[in-house]
Amino acid sequence: MGLDVRPAPTRRRAKAGASAPPPDRGARARLSRLDIKISPYLLISPFYLVFAVFGAFPLLFTLWMSLRDRELASGKDEFIGLRNYTELLGDSAFLNAVVNTLGMFVIATVPQLLLALLLANALNRRLRGSTLFRVGMMMPLITSTVAVAVVFTQLFDTDFGLVNWLLGLVGVDPIAWQSDRWWSWVAISVMVDWRWTGYNALIYLAAMQAIPKDLYEAAAIDGASRRRQFWQITVPMLRPTILFTAIVSTIGGLQLFTEPVLFDNGDTDGGSTGQFQTVAMYMFDSAFSNDDYGYGAAVAWMIFLLIIVFSLVNFMFIRRMGGVR
Amino acid sequence: MTLVAGPDLAGSRGAGPSRPARRTGRMRGLWEASPLTYITLIVGLVLSIFPVYWMIIVATRGNDIVGDVPPPMLPGGELGSNLSEVFAAEEAYFAKGLVNSAIVASAVTVSTVLFATMAGFAFAKLRFRGKNALLLTVIATMMIPVQMGIIPLYIMMGWFGWQGELQSVILPFLITGFGVFMMRQYTQQAVPDELIEAARVDGCSTFRIYWSVVLPALRPAAGVLALLTFMQTWNEFMWPLAALTPENPTVQLSIRQLNGAYFQDYTLVFAGTTVATLPLLIVFVIFSRQIIGGIMEGAVKA
């Protein structure tokens, strides 16, 4: 049957006047060579097509827009150079948002990563019910941030919240979680910690299991206590992983949005005096509430810059950490 | 002194000699969990589970508990009436939110897995020009914060006439750099080169190899990616908040609207959050081993 089919393409080619008569297998070989050459690009093209339209283009578009005074409602759209940026640097609401974001970022990230290390170290022992512990610690990640924020906002209610009630049992006066600047940061940070500690613990656990056990045995023979082993072996060996989690937390922390928005009953102004408005909320507010899209775009670029700067700071800090080896 | 203590540690602890662990356990005591370890983990477990537990408890109570101190810790019988009120609440469009979320999350999951396995296969097993540079751009895309896109995407959706439509929250998420990277790592170790060569000798085209050889071999990892993607999309908040209208929300927006309207009667809000969370919780409990394995595997490689 195959014999009947094969000559056909050869004949067609001959008619077209091709000077080099390709042998029977030629067409197929060429097709397969073409397949090997082209298919890889076809396989990766959907990624790049979607990324070009919905990833790369918006990135440049934001940059271009941040140089303009752009309003959607009035249709105003003119080039103003770097004025949005110079204005931002003198904008007290923006600076307030930066301080809030950095404050919450620090008080959320540092305890979170330390707790995760502690939990991972505990999970790395020979344990009964280790699966139960792992599953339980992942539970927060499954719960949506919106649900978490709603539940915790209730827990941190000033008058009827469980947290203030518990504090009352040990004789602490009720705390104004929403209206006090510092305490609102703490409450929001607790939400972030609750969600991400278990996830980071699992990542640390994975890395800990890759540390050769003889290191610990040798240290134990030399008389190093468990605590000492933790700080002298585990933590230094985990440095790349700690760096990874610190940078992921930086990217997440500087974009903090859902928790504080829900803590404010769904508004983006961050409390009565903006005491917990984050940069992301300020961006949202500028663009969508104040119809100042160019200004919002400039804020978006500032978030990106902050992420880059703080990722680098993390990188240098963690490279130095435990450098005594 | 320490040198002497070493070799006879296992004996002095009297570690059960009949246990198979003894073979590896010259220093068995080193790995044994102490009571303090258990206490740490149990505290961690309780703190992890309590808010979810409490959410479900409150969802089953009537609004007479609002302001009760201490709040109830055991379920009541009001879940049904709370839910019917949630679904009836006009401000929330809750049923619509659920359906919309299911559509969006399914569409995003299917395409993410499909495109990630395709690209992952190409990056892991095929040779082509510019491969390394292209792979580097995939990794770089993971660094771009979502927020960079919110304002321009909003304006673009206006150009396309998609403002408030579901495609505006589907299309930007059809791909993830993370997915491509994860599938590349997995393909490298799960699909032997010989298998692909054999398929080629048999005359399979590259796409045929992808579909009949690679994709089946990737099923476990693709499943994990699918679950993670579904959960993430289901829980997405910021971009839907910008892109959609209150009348055509995802379920997370419905909850925000419920919360705005009923924050004094939070039993209703909690009933809503419970409904929005329960499907994911069930899926997670069933597939938790795979999901945790996937996260840990990804972490080691990263």
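- Note on B:Val180, B:Val52, B:Val283, B:Leu171: by heavy-atom pairs under 4.5 Å with chain A, the leading option is B:Leu171.
- Ring centers of B:Phe173 and A:Phe54: at least 6.0 Å apart, outside the cut-off.
- The contact between A:Leu132 and chain B is made by backbone and side chain atoms together, counting heavy-atom distances below 4.5 Å.
- No part of B:Leu278 comes within reach of chain A, as not one of its non-hydrogen atoms sits under 4.5 angstrom from that chain.
- Contact annotation for A:Asp157: neither backbone nor side-chain heavy atoms come within less than 4.5 Å of a heavy atom of chain B.
- Summarising the local packing, CD of B:Gln232 is surrounded by 12 or fewer heavy atoms from other residues, nucleotides or ligands at distances under 6.0 Å.
- Both the backbone and the side chain of A:Tyr293 come within contact range of chain B, judged by heavy atoms closer than 4.5 Å.
- Looking at A:Phe133, both its backbone and its side chain come within 4.5 Å of chain B, counting heavy atoms on both sides.
- For A:Val53, the parts sitting under 4.5 Å from any heavy atom of chain B are the backbone and the side chain alike.
- A:Met139 approaches B:Phe284 most closely through the heavy-atom pair N-CE2, 4.2 Å.
- Among the candidates B:Val138, B:Ile175, B:Thr141, the single residue satisfying the side-chain contact (heavy atoms from CB on, under 4.5 Å) test with A:Tyr48 is B:Val138.
- Within a 6.0 Å sphere centred on NZ of A:Lys37, other residues, nucleotides and ligands contribute 12 heavy atoms or fewer.
- With a 4.5 Å cut-off on non-hydrogen atoms, A:Leu169 does not touch chain B at all.
- Proximity to chain A (any heavy atom under 4.5 Å) is shown, for B:Ile291, by neither the backbone nor the side chain.
- Residues B:Met118 and A:Ile44 form no side-chain contact, since every pair of their non-hydrogen atoms from C-beta on lies 4.5 Å or further apart.
- Both the backbone and the side chain of B:Ala242 come within contact range of chain A, each with at least one heavy atom under 4.5 Å from a heavy atom of that chain.
- Atom CH2 of B:Trp211 sits in a sparse spot, with 12 or fewer heavy atoms from other residues, nucleotides or ligands closer than 6.0 Å.
- Heavy atoms of A:Met137 lying under 4.5 Å from chain B belong to its backbone as well as its side chain.
- At a 4.5 Å heavy-atom cutoff, the contact between B:Arg129 and chain A is made by backbone and side-chain atoms alike.
- Residues B:Thr273 and A:Val146 have side chains not in contact (no heavy-atom distance under 4.5 Å, counting atoms from C-beta outward).
- In this structure, the side chains of A:Ser39 and B:Phe207 come closer than 4.5 Å at one or more pairs of heavy atoms.
- Of all the heavy atoms in A:Pro58 and B:Pro152, the pair that sits closest is O-CG, 3.4 Å.
- B:Phe128 touches chain A through backbone and side chain together, each having a heavy atom under 4.5 Å away.
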What donor-acceptor contacts under 3.5 angstrom involve side-chain atoms of residues 42-50 of chain B, with partners at least two apart or in another chain?
residue	atom	partner	partner atom	Å
B:Ser48	OG	B:Gly44	O	2.9

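- For A:Ile142, the parts sitting under 4.5 Å from any heavy atom of chain B are the backbone and the side chain alike.
- In this structure, the portion of B:Trp54 lying under 4.5 Å from any heavy atom of chain A is its side chain and not its backbone.
- Heavy atoms of A:Trp301 lying under 4.5 Å from chain B belong to its backbone as well as its side chain.
- Proximity of A:Ser144 to B:Trp234: side-chain heavy atoms (C-beta onward) are nowhere separated by under 4.5 Å.
- Contact annotation for B:Ser111: neither backbone nor side-chain heavy atoms come within less than 4.5 Å of a heavy atom of chain A.
- Counting heavy-atom pairs under 4.5 Å between each of B:Thr277, B:Leu228, B:Val285, B:Thr117 and chain A puts B:Thr277 at the top.
- Using a 4.5 Å cut-off between heavy atoms, B:Leu135 contacts chain A through its backbone alone, with no side-chain atom that close.
- Proximity to chain B is limited to the side chain of A:Ile303, based on heavy atoms less than 4.5 angstrom apart.
- Within the 4.5 Å cutoff, no side-chain heavy atoms of A:Leu43 are placed close to those of B:Phe115.
- Highest contact tally toward chain A, considering only B:Arg127, B:Met231, B:Met156, B:Met55, is held by B:Met156 [criterion: heavy-atom pairs under 4.5 Å].
- The main-chain N or O of B:Met148 is found under 3.5 Å from a side-chain atom of A:Thr62 such that the two form a donor-acceptor pair.
- Only the side chain of A:Thr131 comes within less than 4.5 Å of a heavy atom of chain B; its backbone N, CA, C and O stay farther away.
- A perpendicular orientation is assigned to the rings of B:Tyr154 and A:Phe288, their planes being inclined by more than 60° (bins at 30° and 60°).
- Looking at A:Leu72, the atoms closer than 4.5 Å to chain B (heavy atoms on both sides) all sit in the side chain, from C-beta outward.
- Using a 4.5 Å heavy-atom cutoff, the side chains of A:Met283 and B:Ile151 are in contact.
- The residue among A:Ile251, A:Val150, A:Asp267 with the most heavy atom pairs within less than 4.5 Å of chain B is A:Val150.
- With chain A as the partner, the residue from B:Leu41, B:Leu134, B:Thr37 showing the most heavy-atom pairs under 4.5 Å is B:Leu41.
- Remark: side-chain polar atoms of B:Tyr38 are paired, donor with acceptor, to backbone N or O of A:Arg128 under 3.5 angstrom.
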**OP:** Decide ring-ring contact (aromatic ring centres under 6.0 Å, His included) for B:Trp239 and A:Phe284; before the verdict, give the C-alpha distance in whole Å, the side-chain angles of both, and the deciding distance to 0.1 Å.
**Re:** CA-CA 10 Å; B:Trp239 172 235; A:Phe284 207 92; 9.5 Å; no
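- Counting heavy-atom pairs under 4.5 Å between each of B:Leu281, B:Leu114, B:Val58, B:Ile155 and chain A puts B:Ile155 at the top.
- Other residues, nucleotides and ligands contribute over 12 non-hydrogen atoms within 6.0 Å of the CZ atom of A:Phe51.
- Within the 4.5 Å cutoff, the side chain of B:Ser34 has heavy atoms near those of the A:Arg226 side chain.
- Of the N and O atoms on the side chains of B:Ser205 and A:Asp35, not one donor lies less than 3.5 Å from an acceptor on the other residue.
- Your options are B:Leu174, B:Leu253, B:Leu153, and the one with the most heavy-atom pairs under 4.5 Å with chain A is B:Leu153.
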